[in-house]
There are 2 protein chains.
Amino acid sequence: MTTRKATAEAPALPLNQILAGDCIEVMNALPEGSVDLIFADPPYNLQLKGDLHRPDNSKVDAVDDHWDQFSSFSSYDRFTQGWLRAARRLLKPNGAIWVIGSYHNIFRVGAAMQDAGFWMLNDVVWRKSNPMPNFKGKRLTNAHETLIWASREESAKYTFNYEALKALNDGVQMRSDWVLPICTGHERLKDDNGDKAHPTQKPESLLHRILIASTNPGDVVLDPFFGTGTTGAVAKMLGRDFIGIEREEAYRKVAAERIERTRKFDASGLEVTGSKRAEPRVPFGQVVERGMLRPGEELFSIGNRFKAKVRADGTLIGNDIKGSIHQVGAAYEGAPSCNGWTYWHFKRDGKMIPIDILRQQIRAEMEADQRQQH
Amino acid sequence: MTTRKATAEAPALPLNQILAGDCIEVMNALPEGSVDLIFADPPYNLQLKGDLHRPDNSKVDAVDDHWDQFSSFSSYDRFTQGWLRAARRLLKPNGAIWVIGSYHNIFRVGAAMQDAGFWMLNDVVWRKSNPMPNFKGKRLTNAHETLIWASREESAKYTFNYEALKALNDGVQMRSDWVLPICTGHERLKDDNGDKAHPTQKPESLLHRILIASTNPGDVVLDPFFGTGTTGAVAKMLGRDFIGIEREEAYRKVAAERIERTRKFDASGLEVTGSKRAEPRVPFGQVVERGMLRPGEELFSIGNRFKAKVRADGTLIGNDIKGSIHQVGAAYEGAPSCNGWTYWHFKRDGKMIPIDILRQQIRAEMEADQRQQH
DNA sequence: GTCACCGTTGAATCAGATC
DNA sequence: CGATCTGATTCAACGGTGA
């Protein structure tokens, strides 16, 4: 357990702990603007009428716990508005939230999120690869749950590790529908009687993807409906800090033991494929200053349809067009924008070479300098 | 065109016609309790800001039509409550409704449906096999839309052709996620300029499945946002009666011509199902997400000459080389390509085991899930 | 006729830093 | 705050062309 140091205006943040109590009260006691991500799996407001039996007459162990009973939509809405408001207060300006639910509650939750000022980024479908069938044959197999990913506000610069998720998906852009198995087998926690410790334990694979997507190592992740602590366990594995809030003593106990058993991954495994946007910017002028291209040298467009000459200040001059490598490229192509680094080529030994090669050389030198300074 | 005969209290029902005007007014002029099913594709209230360009600089033809503009959430909510109330009045007591939407509007619509007294049966995810990508890499590919299927009231004895849907799904119980392509090719209607006649035309396959699931031949299906008439065309094919309501003259014209061209199916010549599924692709990232290999764990090349570490996003890191299991293998071998699944091994009890074993385990689980549903 | 290749397109809340 | 500038970014399917 750790705490992040208190300042004059804000009390300390209780990191990697499970806090007891009502989540709204507990959240309101924490300092505002202090959390990077919230993952919330609120009660589903399931309206089950009587017991459900399988065709063989065995009873389905349904969610009928007292914490999931709400007398009406409006009382559920008040509950939802309350915890969403407290959650939004806790988030940093660039923070984000994930909420999971089913058709029983997710529409009310989603509308309340929009009303509270959250800005939707995606809705994500968790497509269960092994759902419970619909035994009565009266409806479709309820084979998915819905997640909503939203930033605290429209202007937020939210975290999204695009390249990492693309890597997770074998090199193609990750979609809004995720196929993952439900939580079963050894991962499913049991109580002392051998029954499932929590009726709706989420799979660690789901949290793994969420945390890789929308947090960085060292971020603070809060889960106001902690349950058996899947969020905390995966956060620990991935080197994120967590704050859990859970009302039920029994769940807190199971979660604490679970997280105690959990081990953090190697630091080397936590690094993730980065984005090109994060690489240092290299002005084209440096290429000229360093003599990699000489003033007066000709550059050729991709496809060799246009030419332009390098000038000493790192601009180009073509037919009546002067400007940066990007501006001249865009003008020639009649395009709204153009990446000059990949558009322009120079000639060496009769071969056309993209000028981006030169930028890569400069970046490699910069990295070498970095290492030398250590 | 036909009309169902008028009675003392109710005027005639204008079957297989496209009615002009505002859908709320037109619905209120029709006799209550007269319709078996409603399919509604209301405006989504997209809130698009500037232009969007693809990486090749072509401009995306966005939905910027006047009918999708609302000044605020509350004005959209009033619109939604209005048409839902009129729709519910029209439905027979055992009637049902389908509404389709995206994350921009579906949560508000779903909450309004519950508030209006509709009883949710399923939410259904239309997983698009060929969605538009996220061009800027800022979010997940928005690869699905959500449908809500609800009965007029909780006690309704709604229509559900369970066996027909099971047959449509190769004998396996139909799930709540449907993989269908978007509407392209010859099915996509064009205007006289060769541009798309409607920005959001839905595929006939989607309506086909909906009407097979929740109507019987001779049922009356109403679509208050008729557009280019997909609902009417599929209803005609399947021997259902339709009522379309559409405000825009241009859409009514296209829809009328389309339905005129459409032919009812032979009673005999019905289904053409049964496509072979290719062996499912398993991203290596799933092996990590599912905890079969831990981030930081070492993999060994075939022949044990090279090593690399697993990262949390399913990439490998070796000596200065990062990338997919295939890329790092190819780099080490100096080969143009490499099958990472057979190249890399992990160590268990001192033995080297190819990671392909893990892929086989995942595939076996996926197949077992299929069988379980029989 | 076949196949490889290329251009086009789809309900999208799609940039970020610096001046 | 706004204006300006750099430069990062896409997947599947369909249709047409030409070898």
Side-chain angles (χ1 to χ4, degrees), chain A residues 94 114 118-123 149-151 154-158 160 162-163 166 169-176 275-285 314-315 323-330 335-344 355-356 359, chain B residues 41-65 67-70 73 100-106 126 128-146 179 181-188 190 194-196 198-203 225 227:
Chain A
N94 291 328
Q114 291 179 312
F118 287 103
W119 188 249
M120 292 208 175
L121 300 171
N122 278 116
D123 61 336
W149 176 35
S151 61
E154 183 178 353
S155 61
K157 298 187 206 310
Y158 55 90
F160 180 48
Y162 173 77
E163 292 293 344
K166 191 171 170 177
N169 198 34
D170 260 8
V172 295
Q173 191 172 83
M174 184 70 81
R175 300 167 37 118
S176 59
S275 125
K276 286 184 190 168
R277 288 183 234 259
E279 290 186 46
R281 199 173 72 84
V282 176
F284 178 68
T315 57
S324 70
I325 52 173
H326 315 294
Q327 288 167 332
V328 176
S337 70
C338 171
N339 183 345
W341 289 106
T342 53
Y343 181 77
W344 293 108
I355 60 175
D356 201 40
R359 180 170 66 162
Chain B
D41 182 10
Y44 286 10
N45 189 25
L46 299 186
Q47 295 155 50
L48 305 178
K49 301 290 190 297
D51 288 343
L52 178 65
H53 293 89
R54 300 184 181 82
D56 66 3
N57 273 322
S58 62
K59 189 178 159 199
V60 173
D61 184 11
V63 178
D64 53 2
D65 305 73
W67 46 255
D68 198 42
Q69 307 300 321
F70 294 85
F73 280 136
I100 184 168
S102 68
Y103 68 86
H104 310 83
N105 72 324
I106 197 64
W126 169 27
K128 303 179 184 183
S129 57
N130 50 346
M132 184 162 72
N134 185 291
F135 296 117
K136 303 293 187 188
K138 301 307 295 179
R139 302 184 181 185
L140 303 163
T141 306
N142 197 358
H144 74 276
E145 295 189 26
T146 301
V179 179
I182 62 176
C183 185
T184 59
H186 289 121
E187 189 186 325
R188 189 88 195 206
K190 310 286 185 190
D195 300 323
K196 55 190 175 190
H198 191 283
T200 70
Q201 186 182 339
K202 296 293 176 289
F225 307 98

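Lettering of chains follows the sequences in order, A, B, ..., and the numbering in each one begins at 1. Just so it is clear, the values below take in all heavy atoms, side chains as well, and ignore hydrogens, waters and symmetry mates.
- Contacts of Asp64(B) with the nucleic acid, taken as non-hydrogen atoms under 4.0 Å apart, are absent.
- Taking atom NZ of Lys157(A) as the reference point, atom C1' of dC14(C) lies 14 Å away to the nearest angstrom.
- The separation between Asp61(B) atom CG and dG10(C) atom P is 6 Å, rounded to whole Å.
- Using a 4.5 Å heavy-atom threshold, the side chains of Lys128(B) and Glu145(B) count as touching.
- Checked against the 6.0 Å centroid threshold, Trp67(B) and Phe225(B) do not count as a close aromatic pair.
- Remark: Glu163(A) does not engage Arg277(A) in a salt bridge, criterion side-chain N to carboxylate O under 4.0 Å.
- In a base pair of the Watson-Crick type (N1 to N3 plus N6-O4 or O6-N4) or a G-U wobble (N1-O2 and O6-N3), with each distance short of 3.5 Å, dG10(C) is matched with dC11(D).
- Residue side chain Lys202(B) reaches the base of dA11(C) through a donor-acceptor N/O pair under 3.5 Å, judged by distance alone.
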CA sep, side-chain torsions, deciding dist, call: Gln173(A), Thr141(B), side-chain hydrogen bond (donor to acceptor under 3.5 Å, both in side chains): CA-CA 7 Å; Gln173(A) 191 172 83; Thr141(B) 306; 2.6 Å; yes

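- The partner of dG16(C), taking Watson-Crick or G-U wobble pairs whose two distances both stay under 3.5 Å, is dC5(D).
- Minimum interatomic distance between Val282(A) and Trp341(A) (heavy atoms only, all atoms of both residues): O-CZ2, 3.1 Å.
- The nearest whole Å value for the distance from the CD1 atom in Ile182(B) to the P atom in dT9(C) is 13 Å.
- Of the C1' atoms belonging to dG15(D) and dA11(C), the separation is 23 Å, rounded to the nearest Å.
- Rounding to whole angstrom units, NZ of residue Lys196(B) and P of dA11(C) are separated by 6 Å.
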Per-nucleotide protein contact string for nucleotides 4-14 of chain D (B base, S sugar-phosphate only, - none; heavy atom under 4.0 Å): -SSBBBBBSSS

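- A donor-acceptor contact under 3.5 angstrom links the side chains of Ser102(B) and His104(B), judged on distance only.
- Mapping Lys138(B) and Leu121(A) onto DNA chain C via the closest heavy atom, the residue that lands nearer the 5' end is Leu121(A).
- Comparing the same atom, P, in dA12(D) and in dC14(C) gives a spacing of 23 Å after rounding to whole Å.
- Figure legend. dT2(C) is base-paired to dA19(D); pairs are counted as Watson-Crick or G-U wobble with both atom distances under 3.5 Å.
- The C1' atoms of dG7(C) and dT10(D) are separated by 15 Å, rounded to the nearest whole Å.
- Per the geometry, CD belonging to Glu145(B) stands 14 Å off P belonging to dG10(C), to the nearest Å.
- In the model, Thr184(B) has no side-chain atom that pairs as donor or acceptor with a side-chain atom of Arg188(B) under 3.5 Å.
- Put simply, the side chain of Thr146(B) reaches to within 4.5 Å of the side chain of Asp123(A), judged on heavy atoms.
- Within the nucleic acid shown, Asn45(B) has no heavy atom closer than 4.0 Å to any nucleic acid atom.
- Taking the C1' atom of each, dG1(C) and dT17(D) are spaced 15 Å apart, rounded to whole Å.
- When the P atom of dA12(C) is taken as reference, atom CD of Gln47(B) falls 15 Å away, rounded to whole Å.
- The CG atom of Asp65(B) sits 12 Å away from the P atom of dA11(C) (whole-angstrom rounding).
- Going from atom NZ of Lys190(B) over to atom C1' of dG15(D) covers 10 Å, rounded to whole Å.
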